[in-house]
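Beneath this line is the structure, given in structure tokens, with notes to follow.
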Amino acid sequence: MISFLSQTYWILTKDLKIEFRELYHLISVFLFGFLLLILLSFSLGSHPDLMKKIAPGLFWIAIFFSSILMLNSSFRREMEDGQWEGLLLLSIDPKALYLGKLLGNFLFLLVLEIGLLPFLVIFFDLSLNPSLLSILILGSAGIATVGTFYAGLITSFREGQILLPLLLFPMLVPVLLASVQATQYLMTDDPFGQQIIWVRLLIVFDFIFLLGSILLADLMFEEPQGGK
């Protein structure tokens, strides 16, 4: 168990160090989300009521597309630099490798979302609620859980970067829908207490897909070069 946790921690810290060393990648992902929010806000023109109503949906759309850029590079670095064979030679547990990658992607997504929130307030004239952090955590966990699994699954394919959004979007519809609805009810009126229903859906989604992804992690990393 200690070895498993050590491997997970090692993968996580390795990815964090690389990302902070190559800070331009994080900045490009953030700028992409930022520009997407600007374009979407300007496309709505001068309709403040409409902007407030659909702002949560636009925010999570920006997060989804930004996460694609982040997830695409999650395993690509190991494949391009030849580190993959090294990880296998070190007998890294596939489950530890998956969890380390998952935690890294989750943290990056959370930082991205928190970084974009001030612009959501400025562009869409919304007020923030501290409870929004719990929705961001649950939504990020769902995107990172499924996204990391699929990124690992298709990373050995030449067309993996194209396949990822095509495969990921249908799977993430429940978590995106629940995140949008929970955010919307938090920022607007919720007279019937419907927000808790969507929060519970996020919790169930995260738990089921996390458990399933961990169980399938061994198959996901089996013969990674076979798809080339």
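Below, each value reflects all heavy atoms present in this structure, side chains not excepted, and no hydrogens, waters or symmetry copies.
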Quick one: pull up [atom1] in [X] and [atom2] in [Y] and give me the separation to the nearest 0.5 Å.
{"X": "Thr183", "Y": "Ile135", "atom1": "OG1", "atom2": "CD1", "value": "4.5 Å"}
{"X": "Phe169", "Y": "Phe65", "atom1": "CZ", "atom2": "CZ", "value": "7.0 Å"}
{"X": "Leu216", "Y": "Leu153", "atom1": "CG", "atom2": "CG", "value": "9.0 Å"}
{"X": "Leu58", "Y": "Leu39", "atom1": "CG", "atom2": "CG", "value": "11.0 Å"}
{"X": "Ser179", "Y": "Phe64", "atom1": "OG", "atom2": "CZ", "value": "12.0 Å"}

Is there a donor-acceptor pair closer than 3.5 Å between any side-chain N or O of [X] and the backbone N or O of [Y]?
{"X": "Gln184", "Y": "Lys53", "value": "yes"}
{"X": "Ser140", "Y": "Ile137", "value": "no"}
{"X": "Ser28", "Y": "His25", "value": "yes"}
{"X": "Gln7", "Y": "Asp93", "value": "yes"}
{"X": "Asp15", "Y": "Lys101", "value": "no"}
{"X": "Thr148", "Y": "Thr145", "value": "no"}

(request) Answer with yes or no after comparing the ring centroid distance for Phe119 and Phe34 against a 6.0 Å cut-off, counting only values under it. (result) yes

What closest approach, in Å, do [X] and [Y] show between heavy atoms, and which atom pair accounts for it?
{"X": "Ala96", "Y": "Phe4", "result": "N-CE1, 3.3 Å"}
{"X": "Ser213", "Y": "Phe209", "result": "OG-O, 2.7 Å"}
{"X": "Leu116", "Y": "Gly33", "result": "CD2-C, 4.0 Å"}
{"X": "Gln194", "Y": "Tyr185", "result": "OE1-OH, 3.2 Å"}

(request) Please step through side chain to side chain contact (heavy atoms under 4.5 Å, CB included) for the pair Leu69 and Phe30, ending with a clear verdict. (result) CA-CA 10 Å; Leu69 294 179; Phe30 177 80; over 6 Å; no

(request) For the residue pair Val146 and Val175, establish whether any side-chain heavy-atom pair is separated by less than 4.5 Å. (result)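 SC-SC contact between Val146 and Val175 ruled out.
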
(message) Same cluster or not: Leu177 versus Met187, using hydrophobic residues (I, L, V, M, F, W, Y) connected whenever any side-chain heavy atoms lie under 4.5 Å apart?
(response) no

(request) Show your working on side chain to side chain contact (heavy atoms under 4.5 Å, CB included) between Trp198 and Leu201 and close with a plain yes or no. (result) CA-CA 5 Å; Trp198 297 103; Leu201 177 61; 3.8 Å; yes

